[in-house]
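Along the sequence shown, residues carry numbers from 1. Ligands are counted one by one from 1 in listed order, and the atoms in each one are counted from 1 as well. No hydrogens, no waters, no symmetry mates; every other heavy atom, side chains included, goes into these values.
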Amino acid sequence: MGRLTGKTALITGGASGLGAAIAEVFAAEGAEVIIADLDATQGAAMAASLGGAARFVPLDVSQPASWQAALGGIEQLDVLVNNAGITTLGSIEEVTPEQFRHEFDVDVMGVFLGTQAAIPLMKAHGGSIINMSSLSGVRASANLVAYNAAKAAVTLMTKSCALHFAERGYAIRCNSIHPGAIHTPIIDKVLAQSDDPDALYQSFVDVHPVKRLGRPQEIAAIALYLASDDSAFATGAEFRIDGGASI
Ligand SMILES: NC(=O)c1ccc[n+]([C@@H]2O[C@H](COP(=O)([O-])OP(=O)(O)OC[C@H]3O[C@@H](n4cnc5c(N)ncnc54)[C@H](O)[C@@H]3O)[C@@H](O)[C@H]2O)c1
């Protein structure tokens, strides 16, 4: 018996990076995994690599109709990982309104829509909603104005939902994970937006007292805890997995 045997888990952004690492661990622990992503090629390949334990559904987290289609055939959901996200690099003087809006569409509206869509599938039997916020949701950087604002919104949205579920007596828990910099493709996408990628990379290292970036498996481990019944008393909490960066 795995720690997630008998549970169905949907992971947004499961085609790449942290979502893919979470999908691997969940499948290894016995969950039925649904990888939901904008990238159909990589998402389908990721699901295939996990064998019969996983399948892929196309999803744009920012679109209500896309959520309806993705969840259409699912009768019961035990775990939702709202992980899909993007990172817009830039300060308040650099980011355009269009970039700011897009950041919020994916990173904030995506979590809002996913949570709303999951409630009817979890209400009767309970479930765990895991929101991927960030160190950037609790600590600001001058060059991450849109990302800081979006991830901070996820931090408090998580707590509001946790309170609502508890007050209504739903057995649904909602927690947020706050990774420091973890070397995944999102980091490469941010570096590609910079004039000086080497200096930016070094600044990512230096923000962590332990002087290294994190590994995707170190985030998947906390997601596994939150998905499993081991975390039954945890709700509305911030799990900061950041090499000490938020101290
Ligand atoms: N890597 C880090 O250092 C780090 C640190 C803190 C938080 N995070 C957060 O972790 C999450 C995952 O990041 P990652 O590093 O794995 O990035 P990644 O770029 O490797 O993966 C993100 C995935 O999300 C998908 N995606 C993007 N927009 C989407 C949309 N509209 N609908 C559905 N899927 C979409 C992408 O196709 C991709 O598969 C993000 O929310 C990110 O903000 C990452």
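Nearest residue to atom 35 (C) of ligand 1 from Ala84, Gly114, Gly43 is Ala84 (criterion: closest heavy atom). Of the listed options Ala181, Ser66, Gly85, Gly17, Gly85 places a heavy atom closest to atom 22 (C) of ligand 1.
Using a 4.0 Å cutoff on heavy atoms, Tyr147 counts as a contact of ligand 1. Contact analysis leaves His183 out of contact with ligand 1, as no non-hydrogen atom separation drops below 4.0 angstrom. At least one heavy atom of Ser133 sits under 4.0 Å from some atom of ligand 1. Residue contacts with ligand 1 include Asp60, since one of its heavy atoms falls under 4.0 Å from the ligand.
Nearest protein heavy-atom neighbour of atom 40 (C) of ligand 1: Asn83 O, 3.2 Å. Looking at atom 37 (O) of ligand 1, its nearest protein heavy atom turns out to be Asp37 OD1, 2.6 Å.
For ligand 1, the polar-atom distance check finds an N/O of Thr184 within less than 3.5 Å of one of the ligand's N/O atoms. For ligand 1, the polar-atom distance check finds an N/O of Val61 within less than 3.5 Å of one of the ligand's N/O atoms. At least one N or O atom of Ser16 sits closer than 3.5 Å to an N or O atom of ligand 1. Some N or O of Ile182 is nearer than 3.5 Å to an N or O of ligand 1, by distance alone. Residue Pro179 places no N or O, backbone or side chain, under 3.5 Å from any N or O of ligand 1.
When each of Lys159, Lys151, Arg139 is paired with Glu238, the salt bridge (Lys or Arg N to Asp or Glu O under 4.0 Å) condition holds for Lys159 and for no other.
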